Amino acid sequence: MTEPSPRIRRSFFDRPTLEVACDLLGKRLVKLEQAGRLSGIINEVEAYIGAEDLACHARFGKTNRNRVMWGPPGFAYIYFTYGMHWLLNFVTERDHFAAAVLLRSLVAEEGVETMLQRRKGRHKNLTNGPAKVCQAFGLTGKDNALDLCSPRSTLFVENGIKVGPETIKATPRIGIDSVPEPWKSIPWRFTCQV
DNA sequence: AGCACGATGCTCT
DNA sequence: GAGCATCGTGCTT
């Protein structure tokens with residue numbers, strides 16, 4: 001067996017959210033299950049930064065739903081939306097500052113069989129959307145507030161592939177059409193080639 | 001390829 | 001009561 005790659009440490013997430021977002025591209029999300037490892041290379045993320053950002057859940061202040069975002073960095077903020085979907089975020093920046101990076105897409109590597117079962121055989125669009133990633137990885141509200149940086153954690157981020165900075169594109173965030181400017185158009189969505 | 005729509009239930013003013 | 005950090009289907013170009 002090969003040595004497990006080390007988990008990304010808390011200091012990585014304890015930085016400006018835009019830096020964390022870009023640096024997450026090319027990293028590998030890993031979940032350890034009884035049946036084995038699930039993993040994929042991150043290729044699309046979005047940044048949500050503080051109460052001033054009117055697209056961010058923190059715009060209403062600290063609530064029961066968003067409380068994890070206000071906590072220390074390196075935790076999973078997983079919330080429910082549209083009556084049926086779960087979305088995974090990585091909490092960033094210092095304790096008491098609400099910011100996070102939404103995981104929007106990854107390229108599945110390990111555990112594809114398990115993901116296919118959960119995605120009902122939809123191999124064509126297996127994990128190319130925030131709710132699809134959670135479905136494939138079996139992430140729900142029970143995983144909210146998981147510590148991604150604990151050595152015991154079954155959900156964490158590893159080093160993955162090198163992403164050429166010149167292939168990273170910044171565009172406006174998705175699904176926030178009713179949010180006022182400048183937040184609606186600010187280019188805080190980051191994508192890259194596998 | 002792109003748009004419209006319905007599903008479905010939690011969250012917050 | 002309104003809106004939602006989405007997805008899959010079905011219909012139109």
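Naming convention: chains lettered A, B, ... in sequence-line order (proteins, then strands); numbering from 1 in each chain. All heavy atoms count here, side chains included; hydrogens, waters and symmetry mates do not. This one's a predicted model, so the numbers in the text were calculated from it and none came from an experiment.
Taking atom CD1 of residue I186(A) and atom P of nucleotide dA5(C), one finds them 17 Å apart after rounding to whole Å. Remark: P of dC4(C) and CD1 of I174(A) are 15 Å apart, rounded to the nearest angstrom. In this structure, CE of M84(A) is placed 15 Å from P of dT11(B), rounded to the nearest angstrom. The interatomic distance linking L126(A) (CG) with dC7(C) (C1') rounds to 14 Å, in whole Å. Atom CG in N128(A) sits about 12 Å away from atom C1' in dT6(C), given to the nearest Å. Rounded to an integer number of Å, the gap from D177(A) CG to dA5(C) P is 11 Å. For the pair Q135(A) CD and dT6(C) C1', the computed distance is 11 Å after rounding to whole Å.
Near DNA chain B, meaning a heavy atom under 4.0 Å away, there are no residues from residues 85-114 of chain A. Contacts between residues 42-78 of chain A and DNA chain B, defined by a heavy-atom separation below 4.0 Å, involve F60(A), T63(A), R65(A), listed by number.
A cation-pi contact, defined as under 6.0 Å to the ring centre and within 45° of the axis, links R15(A) to F12(A).
Remark: the backbone N or O of P182(A) is not paired with any side-chain donor or acceptor of S185(A) at under 3.5 angstrom. Not one N or O on the side chain of N144(A) forms a donor-acceptor pair closer than 3.5 Å with the backbone of Y79(A).
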Give the intermediate values and the outcome of salt bridge (charged side-chain N to carboxylate O under 4.0 Å, His left out) for residues E46(A) and R104(A).
-> CA-CA 7 Å; E46(A) 284 175 0; R104(A) 288 196 57 88; 3.6 Å; yes
Salt bridge (charged side-chain N to carboxylate O under 4.0 Å, His left out) between R37(A) and E158(A), intermediate numbers included | CA-CA 12 Å; R37(A) 271 171 60 112; E158(A) 281 180 357; 3.0 Å; yes
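Between R119(A) and dC7(C), a side-chain N or O to OP1/OP2 separation shorter than 4.0 Å is absent. For K132(A) and dG8(C), the shortest distance from a side-chain N or O to OP1 or OP2 is below 4.0 Å.
Aromatic ring centres of F80(A) and H85(A) lie farther apart than the 6.0 Å criterion allows. In summary, the aromatic rings of Y77(A) and F75(A) are positioned with their centroids too far apart to meet the 6.0 Å limit.
Comment: R119(A) does not engage E113(A) in a salt bridge, judged by the lack of any side-chain N to carboxylate O separation of less than 4.0 angstrom. Note on E44(A) versus R189(A): salt bridge recorded, some NZ/NE/NH1/NH2 to OD/OE distance being below 4.0 Å. Residues D53(A) and R173(A) are paired through a salt bridge, judged by an N-O separation under 4.0 Å between the basic side chain and the carboxylate. Using a 4.0 Å cut-off between charged side-chain N and carboxylate O, R10(A) and D147(A) make a salt bridge.
Paired runs in DNA chain B that reach 3 or more consecutive Watson-Crick or G-U pairs, where each pair keeps both distances under 3.5 Å, cover B:1-7 with C:6-12, B:9-12 with C:1-4.
Counting heavy atoms of neighbouring residues, nucleotides and ligands inside a 6.0 Å radius, atom CD of E52(A) does not exceed 12 of them.
With distances taken from any side-chain atom of Y79(A) to the nucleotides dG9(B), dT6(C), dA5(C), the minimum falls on dA5(C).
Once the 5.5 Å centre distance and the 30° plane angle are applied, the aromatic ring of Y82(A) is found stacked with the base of dC4(C).
Mapped onto DNA chain C by nearest heavy atom, S178(A) and R122(A) fall at different nucleotides, with S178(A) at the one closer to the 5' end.
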